[in-house]
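Read the numbers this way: they start at 1 and go in the same order the structure lists the ligands and their atoms.
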Amino acid sequence: MERVLITGITGQDGAYLAKFLLEKGYEVYGTYRRLSTPNFWRLQYLEIFDSVNLIPADLVDTTSIVEAIKISEPDEVYHLAAQSFVGASFEQPVGTGEITGLGVTRVLEAIRQINPNIRFYQASTSELYGRGNLTSLSEDTPFQPSSPYAAAKLYGYWLTRIYREGYKIFACNGILFNHESPLRGLEFVTRKISNAVAKIALGIERELRLGNLDAKRDWGYAPEYVESMWLMLQQKEPDDYVIATNETHSVKEFAEKAFDVVGLDWQENVKVDKRFFRPLDVNFLQGDYSKAKQKLGWRPKVKFDKLVKIMVKEDLDRWEKWQSGERFPWDAPNYPTETKIVTRALRV
Ligand code: NAP
Ligand code: G4F
């Protein structure tokens with residue numbers, strides 16, 4: 001049986017990838033952080049918590065990364081763990097560099113020293129392209145990172161290529177455009193919207209406060225995107241691939257469609273709030289997944305309208321169950337309304 005190590009198994013992609021690889025027959029190991037409150041709700045929600053092996057590790061602690069690779073003896077490592085929220089990277093630029101940037105080197109170096117035959121997937125991102133683009137983006141488009149997060153990811157992107165070319169490690173960059181799902185973190189705009197729409201529809205909340213409504217993203221469906229990670233590591237040669245839907249939509253369109261699902265008018269429920277604007281924002285992202293389609297045989301099936309419906313309906317269903325007294329693993333009841341959180345943006 002093939003063995004796999006997923007860093008960040010408690011996150012959105014980690015949970016979906018673990019489920020996908022278990023179904024493929026892999027023995028799945030995953031790293032998680034020691035926290036004062038355990039955070040396994042996604043693995044429980046997908047009903048795979050008892051099927052995965054958990055190893056405590058933190059990306060700032062090299063020893064724990066080395067241990068994770070020694071314990072799991074993987075054939076493949078999917079490096080998904082990161083400080084993944086662009087907004088927080090402006091508040092914690094040093095930590096983001098340590099975790100999201102240097103963390104990649106720690107994993108690659110452990111692989112090089114312990115077993116250079118391990119295949120390695122790096123969770124690269126469309127944020128690498130940064131600002132100023134207005135056409136679709138491919139593997140050949142130059143990068144111009146516009147946040148501490150994107151700069152850290154650019155470092156990880158290059159380390160992956162350096163270890164591939166310098167040490168012949170089978171290392172791939174998946175340049176994934178935004179991908180969402182009902183397991184998405186509540187700080188990201190799509191889930192923030194779907195959760196608020198469900199609460200407003202049920203009379204639990206009164207309004208939704210958002211930042212830059214004009215930003216456009218190429219939004220796909222996370223369970224489909226994790227398959228592309230696996231496909232990259234099954235090829236003859238390591239390479240880098242864009243994974244996207246080739247469509248782009250604004251935050252405003254997402255909000256409009258989401259309120260449509262529950263028969264409400266978005267304009268009556270959304271307020272623009274300057275605290276949710278970033279010091280720099282990427283206004284346009286649209287991918288071109290031609291290479292992945294041609295070489296991996298991958299293509300997206302769930303597009304924008306369907307994605308919005310899936311997310312709103314699942315959040316609505318959860319809040320309805322919650323109101324009727326049902327209890328299940330879930331993040332939203334413990335998440336504070338974001339206006340309670342005091343950040344630097346609020347003070348300027
Ligand atoms: P996510 O839900 O935020 O999950 C991030 C994971 O990293 C969590 O398991 C988290 O653990 C873990 N982590 C954070 N800091 C860590 C540390 N210091 N040490 C060890 N683990 C740590 O992110 P995601 O959406 O699944 O994304 C997966 C990866 O793909 C990330 O690298 C992200 O940057 C990248 N990416 C995501 C997208 C997207 O649209 N989703 C697009 C392109 C690239 P806790 O559960 O303990 O917090
Ligand atoms: O949902 P977001 O926070 O995602 P963002 O910044 O695009 O990053 C996500 O996708 C990247 C891939 O391109 C990943 F690498 C990264 O890890 C993460 O998964 O914000 C999307 C857009 C931004 O332009 C933001 O300014 O929505 C805008 N926005 C408007 N109001 C908001 C809000 N974003 C958030 N989070 N909250 C708001 O209230």
Item checked: Derivation and outcome, ring-ring contact (aromatic ring centres under 6.0 Å, His included), residues Trp298 and Trp230 -> CA-CA 11 Å; Trp298 182 91; Trp230 175 77; over 10 Å; no
Any N/O pair [X]/ligand 2 closer than 3.5 Å:
| X | result |
| --- | --- |
| Val189 | yes |
| Leu213 | no |
| Thr190 | no |
| Trp219 | no |

How about [X] and [Y]: does a side-chain donor come under 3.5 Å of a side-chain acceptor?
| X | Y | answer |
| --- | --- | --- |
| Ser181 | Gln12 | yes |
| Glu98 | Gln92 | no |
| Asn39 | Asp331 | no |

Going by heavy atoms, is [X] under 4.0 Å from ligand 1?
| X | result |
| --- | --- |
| Val60 | no |
| Tyr32 | no |
| His79 | no |
| Ser124 | yes |
| Glu127 | no |

Notebook entry, point to check: For atom 39 (O) of ligand 2, what is the nearest protein heavy atom, given as residue, atom name and distance?
Noted result: Lys192 NZ, 2.7 Å
Checklist line | Protein residue, atom and distance nearest to atom 10 (O) of ligand 2, heavy-atom basis | finding: Asn178 ND2, 3.0 Å
Next item on the list: Using side chain to side chain contact (heavy atoms under 4.5 Å, CB included) as the criterion, point out the one residue from Leu108, Asp240, Ile169 that pairs with Arg164.
Entry: Asp240
Margin query: I'd like to know if the side chain of Thr7 reaches the main chain of Leu80, judged simply by a donor and an acceptor atom lying under 3.5 Å from each other, with no hydrogens or angles considered.
Written below: yes
Check: Can Arg191 and Asp315 be counted as an ion pair, charged N to O under 4.0 angstrom?
Finding: yes
Next item on the list: Please say whether the positively charged group of Arg42, taken as NZ for Lys or CZ for Arg, lies over the ring of Tyr45, i.e. under 6.0 angstrom from the six-membered ring centre and within 45 degrees of the axis.
Entry: no
Check: Quick one: which ligand 1 atoms are inside 4.0 Å of a heavy atom on Leu59?
Finding: 17 (C), 18 (N), 19 (N), 20 (C)
Margin query: Distance under 4.0 Å to a non-hydrogen atom of Asn39: what atoms of ligand 1 satisfy this?
Written below: 45 (P), 46 (O), 47 (O)
